[in-house]
Amino acid sequence: MIPIGEYTKQHFVPQSYLTPFICRDEKCCVYDKITKKMFYSSTYDICSKRNMYDLSFDGLEIKPPVEVDPKLNEKLLGIIDGFYPNILEFISSNDIGIDFSTNFAIRFEIYRFLAVQLFRTPKGKEILLSALKTKYSTVPKQLENYLFTQELINTISATKNTPIVLEFLMQEYGHICLGINNSDKPIITSDSPVVGIGNDKKSYLFLPITPQKCLFFKPVIIVEKQDDIVLQELLSGKIDISIVEVPKVAYERHKQLFREKNPLITQLSEKEVLLYNSYSYANCQRQVISSSEIIENHTFIEINFNE
């Protein structure tokens, strides 16, 4: 007989993240990539795995120095999941002119959520543990989740020791762009919501937020200063300004060009929504999640991007 509470669901995609994709009767429309079947489900019954993050010393001769809560990781993840609705509210209430680079608090929380979401899924957790285990000679299977705990604590606290994943994301994908869906097709998500798009040199990350909005995390495109160009325009008579105004005009030109190359917002057509939905489908492990009937509304195209 299984003791009560021994097996519990632990969500590797937070329910707070999936809530905007609810469509009817408080349920999401879910498409099973393996069985090719569609069904409706509450957020509680999808994107979860039993005892995935549990801590245990079973089978080891050593004992923990202090009493350890076996559900510690789940509670730490709850801290991140609890703050996510604040991020969603900020994004949902600001359609125009969201500059994540100037709002440092919300920007950091978005990257923190992104980092945790990347390594909390079964596949992401496996990759993270594989990277962390290289620091140690041998790590018993039972202690792998303690390595996960350490990275999770570092990501939540993020003070002196910058966690591996968070540091990488903020350095490599330093620009956040909001995508707004202008089509009748909803943006879908999946059991692996963070999607990598592009090749190694021009790659970026795509994260669905709601059926109408998404976030793109892209490398910052640096532009050269415009001083020389403005000075040449002045000397050739193309512009009529004084020499003392050159630095100011050059700065404004530079800022304008930077925003053109690093837009704050991009409007998505139906074709683009279908493309990104198809990436989500190709990236997911099993479950595709939508706010409307996935098959009847043709919300994605089944493409093998690996080919």
Side-chain angles (χ1 to χ4, degrees), residues 10-14 16-18 47 52-53 55 72-91 98-136 139 143-179 189-198 200 202-209 214-222 262 264 283:
Q10 295 174 334
H11 290 83
F12 51 83
V13 178
S16 58
Y17 167 79
L18 295 175
C47 300
M52 178 177 172
Y53 309 115
L55 302 176
L72 176 60
N73 285 331
E74 189 176 8
K75 293 176 180 179
L76 290 173
L77 288 169
I79 296 174
I80 298 292
D81 298 350
F83 192 81
Y84 179 75
N86 296 335
I87 299 175
L88 184 62
E89 174 60 28
F90 176 81
I91 296 173
I98 298 181
D99 190 347
F100 294 104
S101 64
T102 58
N103 193 317
F104 297 107
I106 198 73
R107 172 185 171 84
F108 186 79
E109 292 304 333
I110 289 174
Y111 276 104
R112 197 203 307 259
F113 176 84
L114 180 69
V116 171
Q117 188 52 57
L118 269 174
F119 67 69
R120 72 186 290 180
T121 61
K123 183 178 179 180
K125 180 168 172 277
E126 180 182 344
I127 295 172
L128 175 70
L129 291 176
S130 177
L132 293 176
K133 285 168 69 175
T134 59
K135 296 181 180 180
Y136 309 92
V139 178
L143 295 182
E144 286 185 347
N145 274 357
Y146 284 91
L147 298 182
F148 179 85
T149 305
Q150 189 59 55
E151 185 67 14
L152 194 54
I153 291 174
N154 289 342
T155 305
I156 291 175
S157 58
T159 52
K160 294 181 180 180
N161 299 321
T162 306
I164 296 173
V165 181
L166 184 58
E167 181 179 27
F168 171 79
L169 291 174
M170 297 186 76
Q171 287 183 355
E172 296 295 321
Y173 304 101
H175 174 60
I176 304 176
C177 175
L178 174 67
T189 189
S190 76
D191 52 17
S192 298
V194 183
V195 182
I197 295 176
D200 292 338
K202 294 184 179 180
S203 66
Y204 58 97
L205 301 177
F206 163 67
L207 175 65
I209 296 295
C214 62
L215 291 179
F216 297 102
F217 299 85
K218 301 182 177 182
V220 177
I221 300 177
I222 304 298
N262 302 278
L264 299 177
N283 183 70

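A quick note: this is a predicted structure, and the numbers were derived from the prediction, not measured.
- The line from OG1 of Thr189 to CG of Leu18 is 7.0 Å long, rounded to the nearest 0.5 Å.
- Partners of Ile127 according to the side chain to side chain contact (heavy atoms under 4.5 Å, CB included) rule, which considers only residues two or more places apart in sequence or in another chain, are Lys123.
- Partners of Met52 under the side chain to side chain contact (heavy atoms under 4.5 Å, CB included) rule, at least two apart in sequence or in another chain, are Gln10, Phe12, Lys49, Pro122, Lys125.
- Atom OH of Tyr53 is separated from atom CG of Asn73 by 8.5 Å, given to the nearest 0.5 angstrom.
- Within the 4.5 Å cutoff, side-chain heavy atoms of Met170 are placed close to those of Phe108.
- Applying the side chain to side chain donor-acceptor pair (under 3.5 Å) test to every pair with at least one member in residues 76-90, sequence neighbours left out, gives these pairs: Asp81-Arg120.
- A donor-acceptor pair under 3.5 Å is formed between the side chain of Thr149 and the backbone N or O of Asn145.
- The side-chain heavy atoms of Ile80 and Phe83, taken from C-beta on, include no pair separated by under 4.5 Å.
- Applying the side chain to side chain contact (heavy atoms under 4.5 Å, CB included) criterion to Leu118, with sequence neighbours excluded, gives Val165, Leu169, Val194.
- In this structure, the separation between OG1 on Thr155 and CZ on Phe113 is 13.0 Å, given to the nearest 0.5 Å.
- In this structure, Arg112 CZ and Ile110 CD1 are separated by 12.0 Å, a value rounded to the nearest 0.5 Å.
- Applying the side-chain hydrogen bond (donor to acceptor under 3.5 Å, both in side chains) test to Tyr173 and every residue at least two apart in sequence or in another chain returns Ser203.
- One N or O on the side chain of Glu151 and one on the backbone of Ile164 form a donor-acceptor pair closer than 3.5 Å.
- Checked by atom type and distance alone, the side chain of Asn262 pairs as donor or acceptor with a backbone atom of Ile221 at under 3.5 Å.
- Taking the side chain as every heavy atom from C-beta outward, Leu264 and Leu178 never approach each other to under 4.5 Å.
- When side chains are defined from C-beta on, Gln117 counts as touching Pro14, because their heavy atoms get closer than 4.5 Å.
- Atom CG of Asn154 sits about 11.5 Å away from atom CD of Glu167, to the nearest 0.5 Å.
- At a threshold of 4.5 Å between non-hydrogen side-chain atoms, the residues Tyr17 and Leu207 count as touching.
- Taking the side chain as every heavy atom from C-beta outward, Phe100 and Phe90 approach each other to under 4.5 Å.
- In this structure Asn283 satisfies the side chain to side chain contact (heavy atoms under 4.5 Å, CB included) test together with Ser192, Val195, sequence neighbours excluded.
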